[in-house]
Amino acid sequence: MGGVRTAGHGGSADGQFAELLIVPERDFAVVALSNTGPEGGLAFNQAAVRWALEHYLGAVDRDPEPLPYDEERAREIVGSYANDMMTLTIATEGAGLTIECGIKPEIRAADTELPPDLPPAGLGLLPGDADEYIVTGGGLKGQRGFFTRDESGVIVGADLAGRLFNRVSVVSQ
């Protein structure tokens, strides 16, 4: 970003969001914390981090431009992914990709204060060979992630905001 190398990590739990970004070569770090739903908290943290980068370092961070929709690549990744707490559903209607994020029903039943599930939102694949993507709409807009492959090249997992989701089903088209 802006020609400087960065390292960072974000996190969330029960409507609380944290974002840490470090710029080692400039002896700079910024942390943003919020306690509101994804639409407000995540967007606030992203804006705060970008503001600090621009005003203190002169570095401008913008979301990367996704690639045009590619039906062949979409077929590789559509399906359901899960971890202990949540599920991701990546789907296509033939013109674009969407990602839907939800808390597992058994987890939701045990905690009545969890935030609502997020409806489907746009997802765009990014240039390069790292299988990276960016969420282009909805409450997770701007979140980046990547897909993981097994030894044979089949996608077996998805990372979203530092959380790994194992692939549990493939959607046939």
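Nothing fancy with the numbering, it's 1 onward along the sequence. Just so it is clear, the values below take in all heavy atoms, side chains as well, and ignore hydrogens, waters and symmetry mates.
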Would you check if the side chain of D117 reaches a backbone N or O of I103 as a donor-acceptor pair within less than 3.5 Å? yes
So, for D63 and G142, which heavy atoms are closest and what is the spacing to 0.1 Å? OD2-CA, 3.8 Å
Do M86 and L118 have side-chain heavy atoms sitting under 4.5 Å apart? no
For A32 and V49 the tightest heavy-atom approach is CB-CG2, 4.2 Å
Taken to the nearest 0.5 Å, the spacing of N45 CG from F17 CZ works out to 8.0 Å
Has D61 got a side-chain atom pairing as donor or acceptor with L53's backbone, closer than 3.5 angstrom? no
Donor-acceptor pair, distance only, cut-off 3.5 Å: does the side chain of E93 make one with the backbone of T98? no
First locate atom CZ of F28, then atom OG1 of T6, and finally report the distance between them rounded to the nearest 0.5 Å. 11.5 Å
Is there side-chain contact between L125 and P66, with heavy atoms separated by less than 4.5 Å? no
Give, for atom CG of L67 and atom CD1 of I134, the distance between the pair rounded to the nearest 0.5 Å. 12.0 Å
Can you check whether E25 reaches R5 side chain to side chain, under 4.5 Å on heavy atoms? yes
Quick check: do K104 and T87 have side-chain heavy atoms less than 4.5 Å from each other? yes
Below 4.5 Å, heavy atoms only, C-beta onward: do D131 and I77 meet side chain to side chain? no
Check the pair R50 / E54 against salt bridge (Lys or Arg N to Asp or Glu O under 4.0 Å), numbers first and verdict last. CA-CA 6 Å; R50 286 179 170 171; E54 184 173 352; over 6 Å; no
Carboxylate-amine/guanidinium proximity below 4.0 Å for E76 and R149: yes
When you compare the side chain of F146 with that of L126, does any pair of heavy atoms fall below 4.5 Å? no
Determine the minimum heavy-atom distance between A74 and L97, stating which atoms define it. CB-CD2, 3.7 Å
Working to the nearest 0.5 Å, report the span between CZ of F44 and CG of L33. 9.0 Å
Counting neighbours of CG on D84 that are heavy atoms of other residues, nucleotides or ligands and sit closer than 6.0 Å, is the number greater than 12? no
For the residue pair E132 and P64, establish whether any side-chain heavy-atom pair is separated by less than 4.5 Å. no
Do V156 and N166 have side-chain heavy atoms sitting under 4.5 Å apart? no
Donor-acceptor pair, distance only, cut-off 3.5 Å: does the side chain of T136 make one with the backbone of G122? yes
By the definition side chain to side chain contact (heavy atoms under 4.5 Å, CB included), identify the one residue from I99, L123, V135 that meets it with L140. V135
Smallest separation among heavy atoms of I90 and Y81, with atom names: CD1-CE1, 3.8 Å
